[in-house]
Amino acid sequence: MDGLFALNNHAKNMKDTITPRSDIVAVPLDQHGDLDYVELEAMGCRPDDVLDFSANINPYGPPPGVREAIAAAPIERYPDRETLALRRALSEQHSMPIEQIVAGNGAAELIWLATFAFIRPQDTIVVVGPTFGEYARCAALMGGRVQIVSAKAENDFIVSPEKIEQALKASHPRLAFICNPNNPTGTAIDPGLIAGWAAAHPATLFIIDEAYLDFTTGVTSTLQYRLPNILSLHSMTKTCAMAGLRLGYALGPQTIIDAISRARPPWSVNVVAQAAGLAALADTQHVRAAIGKLQQAKEELVDGLAGLGLSPVPSMTHYFLVDVGGGAQFRHRLLARRIQVRDCASFGLPAYARIAARRPEENAQLLAAIEKTGNEETICQPKS
Ligand SMILES: Cc1ncc(COP(=O)(O)O)c(C=O)c1O
């Protein structure tokens with residue numbers, strides 16, 4: 001006890017206290033869709049009671065074999081650090097050598113690792129926005145200077161290729177992040193254009209986040225151009241409905257993949273995620289069929305919202321933006337009815353909500369709730 005007392009006393013008397021890196025305080029907090037467990041607890045609400053339109057996940061669930069594979073996963077062993085079986089299956093699916101594939105604990109981890117491996121302090125990073133917040137967060141964490149090229153509401157959030165070209169020419173960035181199709185707008189850039197930019201700027205690494213590519217028809221991957229400075233990110237979390245498991249992968253030139261692999265923490269893709277990923281890849285038909293149904297359900301939801309006087313922004317994905325006047329209030333009114341949408345303030349779009357279509361019967365519940373809350377005042381207080 002005496003020792004402890006002396007230590008406490010010493011700490012009190014110390015002039016210097018430990019403080020974090022000064023630049024870490026400026027890094028924006030992570031803000032995403034999905035359920036906020038603290039908020040739900042404060043509302044006395046269980047996660048299972050909420051119908052979630054705020055995370056852009058395939059609502060038809062994982063392929064049936066996934067749960068069986070999870071139950072049989074050898075959790076008493078460390079996972080294969082090289083994720084060999086999974087990468088072999090991905091190699092077959094994408095017709096790419098295994099050396100050009102790295103798996104991660106969700107696509108999010110690969111965004112972090114790519115910034116870790118490539119960004120040096122003061123490097124310029126171009127981000128095409130408004131978009132997924134992790135690109136700018138990670139770039140800031142690594143000491144990069146983020147330059148955002150933003151699409152405008154008056155153009156239905158279709159980004160101007162000229163603006164991107166100007167930014168690339170003016171700042172010769174170390175990295176350029178393009179989410180294609182984009183979150184939250186659901187718009188897409190012609191991959192041929194991206195390939196042209198990559199060819200013209202060989203010293204820039206183009207990180208093309210294709211997490212939602214499988215949810216579209218007619219948008220193709222930039223990988224087809226096989227350029228030495230394009231990395232393509234994928235999220236099985238989204239397509240295979242395994243958000244709780246976390247699984248993503250990156251495809252690209254071996255030198256880039258090697259660099260990312262060096263930056264990895266060990267065992268980040270656990271045995272359960274590896275087994276689930278393998279089972280999902282053995283049943284791609286399930287996901288294809290689900291996405292076909294989802295595209296139809298999205299069109300019907302858009303029509304339903306238009307019938308309520310709202311104007312969803314055209315998107316190529318199953319999610320879309322809607323100008324609701326105030327995204328936070330709209331979200332809170334719906335959450336009081338146990339339905340969640342994404343308030344888009346963190347994207348710099350406070351007037352908007354992002355809605356990801358679900359199954360037709362669930363979409364009908366959303367439409368009914370919006371109709372009921374239409375003229376109500378906010379029922380519960382917004383989150384502080
Ligand atoms: C564009 C985009 N990329 C990556 C991710 C992260 O994917 P994962 O859940 O596989 O880490 C998200 C999640 O919302 C996303 O929207």
Side-chain angles (χ1 to χ4, degrees), residues 28-36 52-59 62 66 83 86 90 101-116 127-139 148 151 157 159 175-189 194 206-216 219 221-222 231-252 260 264-265 268-270 272-274 276-277 280-281 287 315-321 340-344 346-347 349 354-357:
L29 294 175
D30 60 331
Q31 291 179 18
H32 297 293
D34 76 34
L35 303 180
D36 178 338
D52 187 9
F53 292 83
S54 76
N56 308 326
I57 294 161
N58 168 6
V66 165
T83 60
L86 183 67
L90 288 167
I101 305 171
V102 60
N105 184 15
E109 184 185 41
L110 297 161
I111 295 168
W112 279 67
L113 296 181
T115 58
F116 197 24
V127 174
V128 178
T131 193
F132 188 50
E134 290 304 300
Y135 315 136
R137 271 189 85 222
C138 297
I148 297 183
F157 295 103
V159 69
L175 254 62
F177 276 104
I178 302 177
C179 186
N180 208 43
N182 188 36
N183 170 19
T185 59
T187 54
I189 299 175
I194 298 175
F206 286 75
I207 301 187
I208 313 304
D209 187 340
E210 299 185 327
Y212 299 109
L213 191 70
D214 291 342
F215 289 95
T216 66
V219 184
S221 173
T222 42
L231 182 77
S232 150
L233 303 182
H234 297 256
S235 167
M236 293 183 73
T237 301
K238 308 280 183 193
T239 45
C240 303
M242 306 197 303
L245 266 185
R246 327 279 312 113
L247 186 59
Y249 59 94
L251 306 168
I260 290 174
R264 270 180 311 170
S268 73
V269 185
N270 65 65
V272 181
Q274 292 191 34
L281 289 169
V287 171
S315 81
M316 306 196 67
T317 48
H318 64 299
Y319 56 84
F320 48 85
L321 291 173
Q340 181 166 303
V341 296
R342 172 74 151 93
D343 152 25
C344 291
S346 72
F347 294 110
L349 304 170
R354 189 194 65 204
I355 297 175

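In what follows, residues are counted from 1 in the order of the sequence shown. For ligands, and for the atoms within them, numbers begin at 1 and follow the listed sequence.
- The closest approach between a heavy atom of Phe177 and any atom of ligand 1 is not below 4.0 Å.
- At distances below 3.5 Å, not a single donor-acceptor pair connects side-chain atoms of Arg342 with backbone N or O atoms of Phe53.
- The proximity of Glu109 to ligand 1, defined as any non-hydrogen pair under 4.0 Å, does not occur for either the backbone or the side chain.
- Nearest heavy-atom pair across Val219 and Met316 is CG2-CE, 3.7 Å.
- Heavy atoms of Arg246 approach ligand 1 to within less than 4.0 angstrom.
- Residue Ala107 has at least one heavy-atom neighbour below 4.0 Å for each of these atoms of ligand 1: 4 (C), 7 (O), 8 (P), 10 (O), 11 (O).
- Nearest protein neighbour of atom 12 (C) of ligand 1, counting heavy atoms only, is Phe132 CZ, 3.3 Å.
- Atom numbering of ligand 1 starts at 1 in the shown order; those under 4.0 Å from a heavy atom of Asp209 are 1 (C), 2 (C), 3 (N), 4 (C).
- Between Leu251 and Ile101 there is a side-chain heavy-atom pair separated by less than 4.5 Å.
- With Thr83 contributing its side chain and Leu86 its backbone, the two residues share no donor-acceptor pair below 3.5 Å.
- Listed for the Asn180 side chain is a donor-acceptor partner under 3.5 Å among the backbone atoms of Ile189.
- On a distance-only criterion, Cys179 and ligand 1 share no N/O pair closer than 3.5 Å.
- For ligand 1, the atoms sitting less than 4.0 Å from at least one non-hydrogen atom of Tyr135 are 1 (C), numbered in the order shown with element in parentheses.
- The closest side-chain heavy-atom distance from Asn105 to Trp112 is not below 4.5 Å.
- Of the protein's non-hydrogen atoms, the one nearest atom 14 (O) of ligand 1 is Lys238 NZ, 2.7 Å.
- Closest of all the heavy-atom pairs between Pro184 and Pro130 is CD-O, 3.4 Å.
- In terms of polar-atom proximity, defined here as any N/O pair under 3.5 Å, Ser235 does make such a contact with ligand 1.
- If you look at Glu134 next to ligand 1, there are no close heavy atoms at all, none under 4.0 Å.
- Side chain of Glu210 to backbone of Thr222: a donor-acceptor contact under 3.5 angstrom is found.
- Between Asn105 and ligand 1, a contact under 3.5 Å exists for no N or O pair.
- Every atom of ligand 1 with a heavy atom of Gly106 under 4.0 Å away is listed here by number and element: 8 (P), 10 (O), 11 (O).
- Distances below 4.0 Å separate heavy atoms of Thr237 from the following atoms of ligand 1: 8 (P), 9 (O), 10 (O).
- Below 3.5 Å of separation, one finds no N or O of Ile111 facing any N or O of ligand 1.
- Between Glu109 and Ser268 the shortest heavy-atom distance is OE1-OG, 2.8 Å.
- At a cut-off of 3.5 Å, with distance as the only test, no side-chain donor of Asn182 or Thr187 sits close to an acceptor on the other residue.
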